[in-house]
Amino acid sequence: VRRAVKKVIETLGCSYLDMVSIHSPLSDRNRRLASYEALLDLRDSGFVKSVGVCNFGLGPLKEIAAADLELPAVNQLELSPF
């Protein structure tokens, strides 16, 4: 995660990203939490301003809270009438 974010920053020629989100909760708990913690570390280091998630239900959000981590700034949900 850290390497990918830093590579994007370098490619874009900027010093930070406004927001980075975990795209999907469809992995195991340990991977979700490790990725989320890495994004929080990047935020604390100034590489990312906000950390979010996408399509996380109550289960994965409760995992974040149970791990005593700060909850995401955004949970982007995909809703479709089709």
Side-chain angles (χ1 to χ4, degrees):
V1 172
R2 289 175 185 86
R3 186 176 23 187
V5 167
K6 289 179 179 181
K7 183 175 180 177
V8 169
I9 289 171
E10 181 182 319
T11 300
L12 293 174
C14 57
S15 58
Y16 67 90
L17 299 175
D18 287 324
M19 177 178 277
V20 176
S21 295
I22 298 174
H23 179 70
S24 171
L26 299 179
S27 64
D28 64 77
R29 177 187 180 278
N30 291 337
R31 285 185 181 186
R32 278 192 299 272
L33 290 177
S35 295
Y36 190 74
E37 286 184 82
L39 291 179
L40 290 176
D41 288 344
L42 286 162
R43 185 206 56 198
D44 294 344
S45 299
F47 293 102
V48 173
K49 296 297 178 187
S50 297
V51 174
V53 295
C54 299
N55 301 306
F56 272 43
L58 269 178
L61 290 172
K62 285 182 177 181
E63 290 172 354
I64 292 171
D68 205 27
L69 299 171
E70 181 180 331
L71 291 174
V74 171
N75 183 10
Q76 179 182 345
L77 301 175
E78 179 181 358
L79 302 174
S80 174
F82 304 105

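All values below come from the heavy atoms of this structure, side chains included, with hydrogens, waters and symmetry mates left out. This is a predicted model, so every value here is computed, not measured.
If you take OG on S27 and CD1 on I22, they are separated by 7.5 Å, rounding to the nearest 0.5 Å. Of the inter-residue distances, the one linking E63 atom CD with N30 atom CG reads 9.0 Å to the nearest 0.5 angstrom. To the nearest 0.5 Å, atoms CD1 (I64) and CZ (R29) are separated by 10.5 Å.
Nearest approach of C54 to P25, heavy atoms of both residues: O-CD, 3.5 Å. Closest approach of N55 to E78, counting heavy atoms only: OD1-N, 2.8 Å. Closest approach of M19 and V74 over heavy atoms only: CE-CG2, 3.3 Å. In this structure, V51 and L39 approach most closely via the heavy-atom pair CG2-O, 3.5 Å.
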### Task
Carefully, step by step, assess E37 and R32 under the rule salt bridge (charged side-chain N to carboxylate O under 4.0 Å, His left out).
CA-CA 9 Å; E37 286 184 82; R32 278 192 299 272; over 6 Å; no
### Task
For side-chain contact (heavy atoms from CB on, under 4.5 Å), just list the numbers for L42 and V20, CA-CA rounded to whole Å, side-chain angles, deciding distance to a tenth of an Å, and then say yes or no.
CA-CA 10 Å; L42 286 162; V20 176; over 6 Å; no
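Under a hydrophobic clustering in which Ile, Leu, Val, Met, Phe, Trp and Tyr are joined whenever their side-chain heavy atoms come within less than 4.5 Å, directly or via other members, F47 and V8 fall into the same cluster. At a threshold of 4.5 Å between side-chain heavy atoms, the hydrophobic network of Ile, Leu, Val, Met, Phe, Trp and Tyr places L69 and L58 in two separate groups. Under a hydrophobic-cluster definition in which Ile, Leu, Val, Met, Phe, Trp and Tyr are linked whenever side-chain heavy atoms come within less than 4.5 Å, directly or via other members, L26 and V53 are assigned to different clusters. The cluster map of Ile, Leu, Val, Met, Phe, Trp and Tyr, joined by side-chain heavy atoms under 4.5 Å apart, puts L77 and L61 in different clusters. A single hydrophobic cluster is not seen to contain both V1 and Y16; linkage of ILVMFWY side chains at heavy-atom distances under 4.5 Å, directly or through other members, places them apart.
Contact of the L17 side chain with the L12 side chain is registered, since non-hydrogen atoms from C-beta on lie closer than 4.5 Å. Using a 4.5 Å heavy-atom cutoff, the side chains of F56 and S24 are not in contact.
Here the side chain of N75 pairs no donor or acceptor atom with the backbone of G52 at under 3.5 angstrom. Formation of a donor-acceptor pair under 3.5 Å by the S21 side chain with backbone atoms of H23 is not found in this model.
Applying the side chain to side chain donor-acceptor pair (under 3.5 Å) test to R2 and every residue at least two apart in sequence or in another chain returns D41. Under the rule for a side chain to side chain contact (heavy atoms under 4.5 Å, CB included), L79 has no partner lying at least two apart in sequence or in another chain.
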